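Every heavy atom of this structure was used, including side-chain atoms; hydrogens, water molecules and symmetry mates were not. Keep in mind that what you see is a predicted model, and the values were worked out from it rather than measured. Numbered from 1 within each chain, the chains take letters A, B, ... in sequence-line order.
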2 protein chains.
Amino acid sequence: MKLSEAKAQFIQTWGSLATQWGINKTMAQIHALLLITPNPLSQDDLMEELSISRGNANMNIRELIDWGLVDRVIIPGERKEFFLAEKDIWKVSRQIIKERKKRELEPLNKVLEQLQEVEGDKRNAEVKAFTETIGNIRKFVSQTDKSLDTLIKADENWFWGSLIKMIK
Amino acid sequence: MKLSEAKAQFIQTWGSLATQWGINKTMAQIHALLLITPNPLSQDDLMEELSISRGNANMNIRELIDWGLVDRVIIPGERKEFFLAEKDIWKVSRQIIKERKKRELEPLNKVLEQLQEVEGDKRNAEVKAFTETIGNIRKFVSQTDKSLDTLIKADENWFWGSLIKMIK
DNA sequence: TAGTAGTTTCAATAAGTACTGAAAGCTTAG
DNA sequence: CTAAGCTTTCAGTACTTATTGAAACTACTA
């Protein structure tokens, strides 16, 4: 397989995988391209390689920066801005976990807290089932939350090491 | 808060959360409703509670059964089919992980394997960056894959226990 | 300070995805 | 066998989300 083909397939695969996870396709494709490119790229480079419009490129680059996955880079002598992605996949995944946790798990926790306070007779089967399920989800969410915190703080080797020890 | 309000909010929250994860809103809402309902519900019950059409209900119930999250139940004397959700959140999450792993991680692995075999001079910076990144992603994916296998097989208490030990 | 290179915004539009409802297909009971 | 009750399918439509592209904006440079 030629490099150009392989690159294209990687970008396309990454994009469609992202779609299944509620992430914008273009955002994932820009990220993929930056991941496999050693040097920083300009917005125009991205537009050309991915055949996307200026607006689309701009919006998704900004989003990637916001997620902490891409950095703006100034190249001396150049007036344009360039962009560079963090290449360490472990760091990338920790960053994604961190952001999704903040944006989703924490708000969910708040909602569940409120839902726990339902009025009504606890001997009523419907009320009981509801509070029990919500309670269990809350427990699960808070345990997940804690575990992810550990994972985010963890050093790569330490984490996999511990996990392998768990597996025995 | 009244039970009916709380139920409605839970269903709505679950639905919008699902959307962010690439899961159909209706599917998540049906699941949410079944989760908090102690007794089995018929398709008509679901249609009414969620104000959705017959086709929509049918399609998403089938999908939930396919994911292993909901079971068809026969109630003696009734001609209709009824549906019941697994209530143990730990089992539910393991099931979801199992399915997504099968549907996404395994195909990704296959693609990455192929991409690793790029022709070209390894001293070329572009080729080098590409093979390195793909190699790292592959390592990451296969480690994740193994860890998730462990998690899927794990007994709840054992798993959280080990994780807590890790945290110290 | 005007001109130029580069960046950002956003209304219009396109693309993608989900939902409806009616019709066709089953299955069971009489 | 056939009518009633229930389930499944799917073409058309509605809804949601992503993308374009041109105009407005910003910042540098001479």
Side-chain angles (χ1 to χ4, degrees), chain A residues 11-34 40-67 70-84 100 103-104, chain B residues 11-34 40-67 70-84 100 103-104:
Chain A
I11 289 166
Q12 131 73 26
T13 304
W14 211 241
S16 63
L17 202 70
T19 303
Q20 298 185 275
W21 286 84
I23 291 157
N24 181 299
K25 192 184 78 187
T26 306
M27 181 171 155
Q29 291 187 328
I30 293 173
H31 189 217
L33 177 52
L34 290 174
L41 297 178
S42 71
Q43 180 164 302
D44 291 85
D45 296 333
L46 295 170
M47 285 165 60
E48 191 179 333
E49 279 253 27
L50 303 174
S51 313
I52 55 174
S53 72
R54 189 164 294 286
N56 196 10
N58 189 273
M59 168 180 292
N60 285 294
I61 289 169
R62 211 143 26 82
E63 193 76 1
L64 282 164
I65 291 172
D66 195 46
W67 276 71
V70 164
D71 288 325
R72 244 177 249 279
V73 178
I74 304 299
I75 295 188
E78 288 270 15
R79 196 138 156 207
K80 279 185 199 163
E81 293 178 336
F82 286 77
F83 305 96
L84 193 63
R100 292 203 89 145
R103 292 163 197 228
E104 294 161 19
Chain B
I11 290 166
Q12 130 74 26
T13 303
W14 211 241
S16 63
L17 201 70
T19 303
Q20 299 185 275
W21 286 83
I23 292 157
N24 181 301
K25 193 182 80 187
T26 305
M27 180 171 155
Q29 291 186 328
I30 293 175
H31 189 217
L33 177 51
L34 290 174
L41 297 179
S42 70
Q43 180 163 303
D44 291 86
D45 295 333
L46 294 170
M47 284 166 59
E48 190 177 335
E49 279 254 28
L50 303 173
S51 313
I52 56 175
S53 71
R54 189 164 295 284
N56 197 12
N58 188 274
M59 170 181 289
N60 285 292
I61 289 169
R62 209 144 28 82
E63 192 77 358
L64 282 164
I65 292 172
D66 194 47
W67 276 71
V70 165
D71 288 323
R72 244 177 250 276
V73 178
I74 305 297
I75 295 188
E78 288 270 13
R79 193 139 158 209
K80 278 186 202 164
E81 293 180 337
F82 287 76
F83 304 96
L84 193 63
R100 292 203 87 145
R103 292 162 197 229
E104 294 161 18

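The CZ-P distance, from A/Phe82 to C/dA5, rounds to 15 Å in whole Å. Following rounding to the nearest Å, B/Ile75 (CD1) and D/dC6 (C1') show an atom-to-atom distance of 15 Å. Put simply, CD1 on A/Ile61 is 14 Å from P on C/dG6, counting in whole angstrom units. Across the protein-nucleic acid pair, A/Phe83 atom CZ and C/dG6 atom C1' stand 11 Å apart, rounded to whole Å. As rounded to whole Å, 11 Å separates atom C1' of C/dT8 from atom CD of A/Glu81. Following rounding to the nearest Å, A/Gln29 (CD) and D/dT19 (P) show an atom-to-atom distance of 8 Å. Spacing between atom CD of A/Glu63 and atom C1' of C/dT8 amounts to 15 Å, rounded to whole angstrom units.
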Every protein N/O lying under 3.5 Å from an N/O of nucleotides 24-30 of chain C:
from, atom 1, to, atom 2, distance (Å)
C/dT27, O2, B/Arg79, NH2, 3.3

Just the table, please: protein N/O against nucleotides 9-17 of chain C N/O, every pair under 3.5 Å.
from, atom 1, to, atom 2, distance (Å)
C/dT9, OP2, A/Arg62, NH2, 3.1

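Side chains of A/Val70 and A/Met27 form no contact here, defined as non-hydrogen atoms less than 4.5 Å apart. The shortest distance between side-chain heavy atoms of B/Phe83 and B/Arg72 falls below 4.5 Å.
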Residues B/Ile30, B/Ile52; criterion side-chain contact (heavy atoms from CB on, under 4.5 Å); working and verdict: CA-CA 10 Å; B/Ile30 293 175; B/Ile52 56 175; 4.2 Å; yes

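Remark: A/Gln43 in residues 40-52 of chain A come within less than 4.0 Å of DNA chain C through at least one heavy atom.
Taking the side-chain hydrogen bond (donor to acceptor under 3.5 Å, both in side chains) definition, one finds that B/Ser42 meets it with B/Asp45, sequence neighbours left out.
Closest of all the heavy-atom pairs between A/Ala18 and A/Ala28 is CB-CB, 3.3 Å.
Identified under the side chain to side chain donor-acceptor pair (under 3.5 Å) test for residues 13-31 of chain B, with sequence neighbours left out: A/Glu104-B/Trp21, B/Thr26-B/Asn56. Applying the salt bridge (charged side-chain N to carboxylate O under 4.0 Å, His left out) test to residues at least two apart or on different chains, the pairs with a partner in residues 52-64 of chain B are B/Asp44-B/Arg54.
The side chain of A/Lys80 lies closest to C/dT7 when the candidates are C/dT7, D/dT8, D/dT19.
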